[in-house]
A.B. asks: 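Following this message is one structure expressed as structure tokens.
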Amino acid sequence: MAKEITTRETDYAKWYNDLVLKSELADYSAVRGCMVIKPYGFALWENMRDALDKMFKDTGHVNAYFPLFVPKSLFEAEEKNAEGFAKECAIVTHYRLKSDPDKPGKLMVDPDAKLEEELIVRPTSEAIIWNTYKSWIQSYRDLPILINQWANVVRWEMRTRLFLRTAEFLWQEGHTAHATEQEAIEETVKMMNVYADFVENWMALPVLKGVKSENERFAGAVETYCIEALMQDGKALQAGTSHFLGQNFAKAFDVTFTDRDNKLDHVWATSWGVSTRLIGALVMAHGDDDGLILPPKIAPIQVVIVPIYKNDEQKSVIHSKVQPLLVGLKNAGIRYKYDDSDNARPGWKFAEYEMKGVPVRITIGARDVENNSVEVARRDLKQKTVMSMDGLIPNISALLDEIQKSIFNKALEFRKAMTTNVETFDEFKTVLQEKGGFISAHWDGFSGTEEKIKELTKATIRLIPLEDDGESGKCILTGKPSKRRVIFAVAY
RNA sequence: CGGGGCGUAGCGUAGCCCGGUUAGCGCGCCAGAUUUGGGAUCUGGAGGUCGCAGGUUCGAAUCCUGCCGCCCCGACCA
């Protein structure tokens with residue numbers, strides 16, 4: 001009873017908060033809008049980060065690190081981008097504190113330590129990076145530059161939510177420079193596909209791929225590619241973005257190169273990122289009223305072993321029986337935890353690891369020792385089966401694979417059931433209100449129309465699908481001709 | 001930036017309107033015993049600057065003033 005959480009039906013937002021806190025992914029902090037990522041949550045992030053990092057390296061990227069602070073003059077160089085972020089920037093104005101003469105033991109900002117130029121705490125790093133690239137690039141021989149950085153960024157949000165929107169968050173941002181437009185576009189699409197691959201195959205979360213409408217596009221980008229996932233409450237969540245920046249930043253920062261024909265041109269750019277927000281997506285897409293459900297491929301603990309014993313003698317018998325099993329799990333590369341602590345009784349442990357979303361639990365007691373068996377419980381379906389100790393490891397490996405697929409398929413089925421084609425605005429409003437989810441509808445292509453729809457329904461265009469369905473029709477709002485359907489949803 | 005809520009032991013809370021024993025309860029914690037296949041039970045014990053600072057009063061968790069902090073809802077945003 002100590003760790004019960006609000007059910008999804010009662011209050012989805014509260015369920016989410018309870019779950020994040022009680023599964024020990026994160027905690028609130030003394031800093032407004034900033035959270036502490038707890039060890040369990042960070043272990044999850046590390047697994048995600050490591051998988052992504054490998055994918056980046058496998059596609060030819062290298063890591064580097066750029067400064068947290070961006071001088072204001074650099075920040076504002078690319079005007080659209082600067083304007084887009086202006087309202088949510090933290091600014092450093094001073095560099096020193098001093099003792100407050102009026103309040104003993106207290107400190108005050110030293111007015112004599114005002115910076116000549118304010119420093120912006122990066123909300124994203126294009127400015128400082130393009131300022132740097134300028135000095136790295138002279139010739140086409142210097143291109144492409146394929147750099148990624150793992151970093152924290154700060155966006156001063158009015159309203160925050162654990163993982164989904166916090167003032168400071170962790171992410172990776174790729175920043176690439178290319179000699180040709182085509183190569184940059186290819187890079188942009190490639191990275192969107194890397195993201196989709198990661199989110200679908202590691203996080204077991206199906207995504208839609210597409211491009212953003214002008215309203216939703218990254219400030220400073222020519223085109224924003226994105227992946228969108230659907231949460232259990234029928235709201236969409238942007239899971240990753242990849243931007244084709246054209247020559248906007250190269251022009252703003254005067255980054256030119258000499259091409260093969262000895263002609264001077266501005267370089268072509270991309271940037272792409274995913275953040276700890278993905279953890280929020282994971283929680284909301286898969287979790288249930290008993291806690292998290294983590295996909296095995298990124299779960300910090302894939303298998304937990306809980307011994308059940310009535311006395312020390314039984315405990316030591318189980319212990320000796322478990323040892324070869326642990327060796328087997330380790331050799332099979334399975335992340336496991338053998339919880340033989342006496343602090344909690346088995347029932348408590350069961351609930352605790354379910355809260356934390358551990359995919360598989362192995363229970364072993366006197367009965368099992370006698371039968372040379374174990375009880376295996378899978379978290380996603382809450383099913384228990386008895387398995388023989390003989391050949392257990394391959395069976396557990398297979399089960400983990402099966403769970404990975406099963407979680408994905410469940411989410412995919414949900415998304416299919418929650419994707420609706422509509423023809424009229426009335427239908428659109430009804431579906432939105434009564435069902436939610438992705439709504440595929442015709443749109444006339446005008447920003448004003450999208451804004452109007454948002455004003456009336458809170459739904460926005462999540463993406464314009466990459467594959468053209470070739471189906472023409474009439475805009476649900478204006479009745480003007482539309483060449484294709486786009487995907488609407490209420491978004492996080 | 002508007003609206004609301006909260007701040008009392010590690011966590012969750014009662015008490016506050018209507019000032020007056022030693023600030024109560026549940027969980028957790030510590031010791032011991034019995035237990036252990038779905039969140040154990042009993043016995044004993046420890047743990048509190050009632051967010052901070054002023055003020056009113058014989059007396060303040062409670063009333064007044066100011067401040068600080070966090071959370072939730074909205075607008076804005078990934």
A.B. asks: I'd like to check the ring pair (Phe, Tyr, Trp, His ring centres under 6.0 Å) partners of A/Y338; sequence neighbours left out, ordered by chain and number.
C.D. replies: A/H319
A.B. asks: Kindly write out the residues that satisfy ring pair (Phe, Tyr, Trp, His ring centres under 6.0 Å) with A/Y336, not counting sequence neighbours, or none if the list is empty.
C.D. replies: none
A.B. asks: Detail all sub-3.5 Å separations between protein N/O atoms and N/O atoms belonging to nucleotides 1-10 of chain B.
C.D. replies:
none

A.B. asks: Residues two or more places apart in sequence or in another chain: which of them pass salt bridge (charged side-chain N to carboxylate O under 4.0 Å, His left out) with A/K454?
C.D. replies: none
A.B. asks: Closest nucleotide of RNA chain B for A/V369 versus for A/K454: which of these residues is on the 5' side?
C.D. replies: A/V369
A.B. asks: What's the CG-P distance between A/L164 and B/C73, to the nearest Å?
C.D. replies: 11 Å
A.B. asks: Please evaluate the base of B/G38 for a donor-acceptor partner in the side chain of A/K384 within a cut-off of under 3.5 Å?
C.D. replies: yes
A.B. asks: How many whole angstroms separate atom NZ of A/K212 from atom P of B/A78?
C.D. replies: 9 Å
A.B. asks: Tell me: CG of A/D27 to C1' of B/G69, nearest whole Å?
C.D. replies: 15 Å
A.B. asks: Quick one: which protein N/O atoms are closer than 3.5 Å to N/O atoms of nucleotides 30-33 of chain B? Pair and distance per line, please.
C.D. replies:
none

A.B. asks: Report the residue (A/Y28 or A/F350) whose heavy-atom-nearest nucleotide on RNA chain B is the more 5′ of the two.
C.D. replies: A/F350
A.B. asks: Could you identify which residues of residues 9-19 of chain A place a heavy atom less than 4.0 Å from some atom of RNA chain B, listed by residue number, or say none?
C.D. replies: A/A13, A/N17
A.B. asks: Hey, can you pull the residues of residues 222-238 of chain A with a non-hydrogen atom under 4.0 angstrom from RNA chain B?
C.D. replies: A/Q238
A.B. asks: Donor-acceptor check, side chain of A/E354 to backbone of A/D290, threshold 3.5 angstrom: yes or no?
C.D. replies: no
A.B. asks: Can you measure A/I5 atom CD1 to B/G39 atom P for me and round it to whole angstrom units?
C.D. replies: 18 Å
A.B. asks: Measure the distance from CZ on A/R361 to P on B/G38 and round it to the nearest whole Å.
C.D. replies: 9 Å
A.B. asks: So what does the secondary structure string of RNA chain B come out as, 5' to 3', with Watson-Crick or wobble pairs under 3.5 angstrom, [ ] for crossing and | for pairs with another strand?
C.D. replies: (((((((..((((......[...)))).((((((.....)))))).....(((((..]....))))))))))))....
A.B. asks: Just by distance, no angles: are the side chains of A/S125 and A/Q149 close enough, under 3.5 Å, to form a donor-acceptor pair?
C.D. replies: yes
A.B. asks: Assess the side chains of A/D53 and A/W150: does a donor N or O sit below 3.5 Å from an acceptor N or O?
C.D. replies: yes
A.B. asks: Kindly write out the residues that satisfy ring pair (Phe, Tyr, Trp, His ring centres under 6.0 Å) with A/W272, not counting sequence neighbours, or none if the list is empty.
C.D. replies: A/F56, A/H61
A.B. asks: Just the rounded figure in Å: distance from P of B/C77 to CZ of A/F218.
C.D. replies: 15 Å
A.B. asks: A/F249 vs A/F253 aromatic rings, parallel, tilted or perpendicular, using cut-offs 30° and 60°?
C.D. replies: parallel
A.B. asks: Give the minimum heavy-atom separation between A/L477 and A/L456, together with the two atoms involved.
C.D. replies: CD1-CD1, 4.2 Å
A.B. asks: Ignoring hydrogens and geometry beyond distance, is the side chain of A/R155 in donor-acceptor contact with the base of B/C77 at under 3.5 Å?
C.D. replies: no
A.B. asks: What are the two closest non-hydrogen atoms of A/T270 and A/A184, and how far apart are they?
C.D. replies: CG2-O, 3.2 Å
A.B. asks: What heavy-atom pair brings A/M389 and A/V374 nearest, and what distance separates the two atoms?
C.D. replies: SD-CG1, 3.4 Å
A.B. asks: Check this for me: does any side-chain nitrogen of one of A/D288 and A/R379 sit under 4.0 Å from a carboxylate oxygen of the other?
C.D. replies: yes
A.B. asks: Between A/R462 and A/E228, is there a side-chain N and carboxylate O pair less than 4.0 Å apart?
C.D. replies: yes
A.B. asks: Output a table of donor-acceptor pairs, distance under 3.5 Å, between side-chain atoms of residues 364-371 of chain A and any protein atom two or more places apart or on a different chain; print 'none' if there are none.
C.D. replies:
unit_1 : atom_1 : unit_2 : atom_2 : d
A/D368 : OD1    : A/S373 : OG     : 3.1
A/D368 : OD2    : A/G365 : N      : 2.9
A/N371 : ND2    : A/R367 : O      : 3.2

A.B. asks: Any residue in residues 31-46 of chain A with a heavy atom nearer than 4.0 angstrom to RNA chain B? Just list them by number, or reply none.
C.D. replies: A/V31, A/R32, A/G33
A.B. asks: Is any side-chain N or O of A/R367 closer than 4.0 Å to OP1 or OP2 of B/G37?
C.D. replies: no
A.B. asks: Tell me: CD of A/E370 to C1' of B/G37, nearest whole Å?
C.D. replies: 14 Å
A.B. asks: Restricting to non-hydrogen atoms, name the atom on A/M191 and the atom on A/S242 that form the minimum distance, rounded to 0.1 Å.
C.D. replies: CB-OG, 3.9 Å
A.B. asks: In chain order, what residues pass the ring pair (Phe, Tyr, Trp, His ring centres under 6.0 Å) check against A/F85, with sequence neighbours excluded?
C.D. replies: A/F218
A.B. asks: Would you please classify the geometry between the A/W15 ring and the A/Y12 ring as parallel, tilted or perpendicular, with 30° and 60° separating the classes?
C.D. replies: tilted
A.B. asks: Rounded off to whole Å, could you give me the CG-to-P distance for the A/N311 and B/U36 pair?
C.D. replies: 9 Å
